[in-house]
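Whatever order the structure lists them in is the order used to number ligands and atoms, beginning at 1.
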Amino acid sequence: MIQSVNSIPAFDIKQQYATIQAEVSNAVLEVLSSGRYIGGPAVEGFEQKFAAYNAVSECVACNSGTDALYLALRALGIGAGDEVITTPFTFFATTEVISAVGATPVFVDIDATTFNLDVTQIAAAITPKTKAIIPVHLFGLPVDMTALMTIAQSHNLAVIEDCAQATGASWNDQKVGSIGHIGCFSFYPTKNLAGCGDGGAITTNDSEIAAKVRILREHGSKVRYIHEEIGVNSRLDAIQAVILQIKLRYLEIWNQQRQKIAAYYYQSLSQVSGIITPQELLGGVGVWNQYTIRVSSKERNGASSKYRDWVRTQLQEKDVSSMLYYPRPLHLQPVYENLGYQPGQLPVSEQACHEVISLPMFPELTQEQQDKVIDALKDCFS
Ligand SMILES: *Cc1c(COP(=O)(O)O)cnc(C)c1O
């Protein structure tokens with residue numbers, strides 16, 4: 001379908017680039033003429049700045065958020081025979097890497113208002129094989145890290161925070177990614193801090209873990225051509241590193257703009273019968289990578305996504321784009337059939353998949369556009 005010029009996109013990365021075009025072009029041209037394209041001072045500079053931003057001692061950049069999660073699991077020695085507890089309501093990469101290292105994901109249901117792991121259900125999922133928990137700060141809203149760390153510590157489990165959608169979010173004044181043992185970030189173009197291509201990083205206060213990740217991302221090698229273990233090639237390009245350094249300076253402003261939009265959506269939509277707005281926990285400051293509502297109607301919905309799909313069609317007819325994060329929970333994915341989960345087993349996640357709609361959300365979204373989204377939605381419920 002061809003969109004009219006007045007249509008409102010779900011996100012708009014070109015518009016943001018336009019605001020910093022001169023800075024970015026100059027920095028990229030400098031890298032091009034420097035001849036240092038992989039690693040080097042640009043990447044080291046970004047690692048230092050990103051560590052400082054998150055108030056951690058170590059940052060190791062890599063090729064993607066997926067690789068960051070993979071490298072984190074490898075650095076902790078997690079593999080065959082181990083179990084890792086996580087949420088089924090996330091992007092597939094979170095559990096793909098658990099499987100890739102040979103471990104088994106164990107799914108715990110989510111909380112209906114935050115979309116995040118229901119921390120009260122974690123203890124029941126712990127077995128002698130459990131080695132780690134991966135909380136995902138989904139849509140940019142922090143998990144209750146106080147409760148989660150208490151459980152992890154009492155069972156001696158590692159905590160790997162999936163911060164892919166949450167760069168800049170905090171829990172009790174601590175940045176996400178600085179609370180567990182390792183934080184994993186993605187700089188994919190639609191994330192809050194985004195490169196112009198793939199990129200990722202881990203953060204930690206543990207220098208041994210950081211050293212391990214540095215070796216693993218470089219073919220298991222510390223000294224060139226001497227290989228201590230099987231690693232991968234997962235480095236950040238210098239071009240991405242300079243772009244990320246520039247964008248990091250704007251991140252707080254952009255996140256504040258997202259927070260303002262989220263507050264306005266909340267103010268305008270939370271009282272509309274049939275719409276459930278997302279809730280931040282007390283202690284959490286979210287950065288709203290997505291603003292995801294649930295639409296439900298007892299008469300019209302039930303256990304299917306028909307009603308939600310109808311709402312999305314109505315929005316599209318009014319030139320309002322929306323996204324579907326996520327249409328199917330991970331415990332019911334074809335690839336995980338062997339794990340033996342049944343429909344109905346993790347009901348909150350399954351219902352969320354039928355009811356969610358992610359509204360347009362990016363820092364440059366104008367007041368007029370926000371009003372148009374709100375009006376189009378209200379029309380569906382009148
Ligand atoms: C984007 C994302 C990832 C993967 O990051 P990439 O950089 O795309 O590899 C992992 N987890 C979550 C929750 C994500 O949203």
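Checking only distances, Asp162 does come within under 3.5 Å of ligand 1, N or O to N or O. Of the polar atoms of Thr90, none of the N or O atoms is found under 3.5 Å from an N or O of ligand 1, judged by distance alone. Backbone and side-chain nitrogen or oxygen atoms of Tyr188 are examined, and none is located within less than 3.5 angstrom of a nitrogen or oxygen of ligand 1. Remark: ligand 1 and Thr66 share an N or O pair separated by less than 3.5 Å (distance only, no angle test). For ligand 1, the polar-atom distance check finds no N/O of Val136 at less than 3.5 Å from any of the ligand's N/O atoms. The distance criterion of under 3.5 Å between nitrogen or oxygen atoms is met by Gln165 with respect to ligand 1.
Atoms CD1 and CZ, on Ile110 and Phe89 in that order, are 5.5 Å from each other to the nearest 0.5 Å. Atom OG1 of residue Thr313 and atom CG of residue Leu315 lie 8.5 Å apart, to the nearest 0.5 angstrom. Here the CG-OG1 distance, from Leu148 to Thr120, works out to 11.5 Å after rounding to the nearest 0.5 Å. Rounded to the nearest 0.5 angstrom, Tyr188 OH and Thr190 OG1 are separated by 5.5 Å.
Atom numbering of ligand 1 starts at 1 in the shown order; those under 4.0 Å from a heavy atom of Ala164 are 2 (C), 3 (C), 10 (C), 11 (N), 12 (C), 14 (C), 15 (O). Short contacts between ligand 1 and Ala93, defined as distances under 4.0 Å to a heavy atom of the residue, involve ligand atoms 4 (C), 10 (C). Proximity to Thr94 (heavy-atom distance under 4.0 Å) selects the following atoms of ligand 1: 11 (N). Counting atoms of ligand 1 from 1 in the listed order, those under 4.0 Å from a heavy atom of Ser64 are 7 (O), 9 (O). Near Gly65, meaning under 4.0 Å from one of its heavy atoms, ligand 1 places the atoms 5 (O), 6 (P), 7 (O), 9 (O).
Given atom 7 (O) of ligand 1, the protein heavy atom at minimum distance is Ser186 OG, 2.6 Å. Looking only at protein heavy atoms, the nearest one to atom 2 (C) of ligand 1 is Lys191 NZ, 2.7 Å.
In summary, Lys131 and Glu83 do not engage in a salt bridge, as defined by a charged side-chain N under 4.0 Å from a carboxylate O. Using a cutoff of 4.0 Å between basic side-chain nitrogens and carboxylate oxygens, Arg214 and Glu228 are not scored as salt-bridged.
With hydrogens and angles left out, the side-chain atoms of Tyr250 and Glu23 include a donor and acceptor closer than 3.5 Å.
Separation of the Tyr341 and Phe107 ring centroids falls under the 6.0 Å cut-off. Ring-centre distance between Tyr265 and Tyr291: below the 6.0 Å cut-off.
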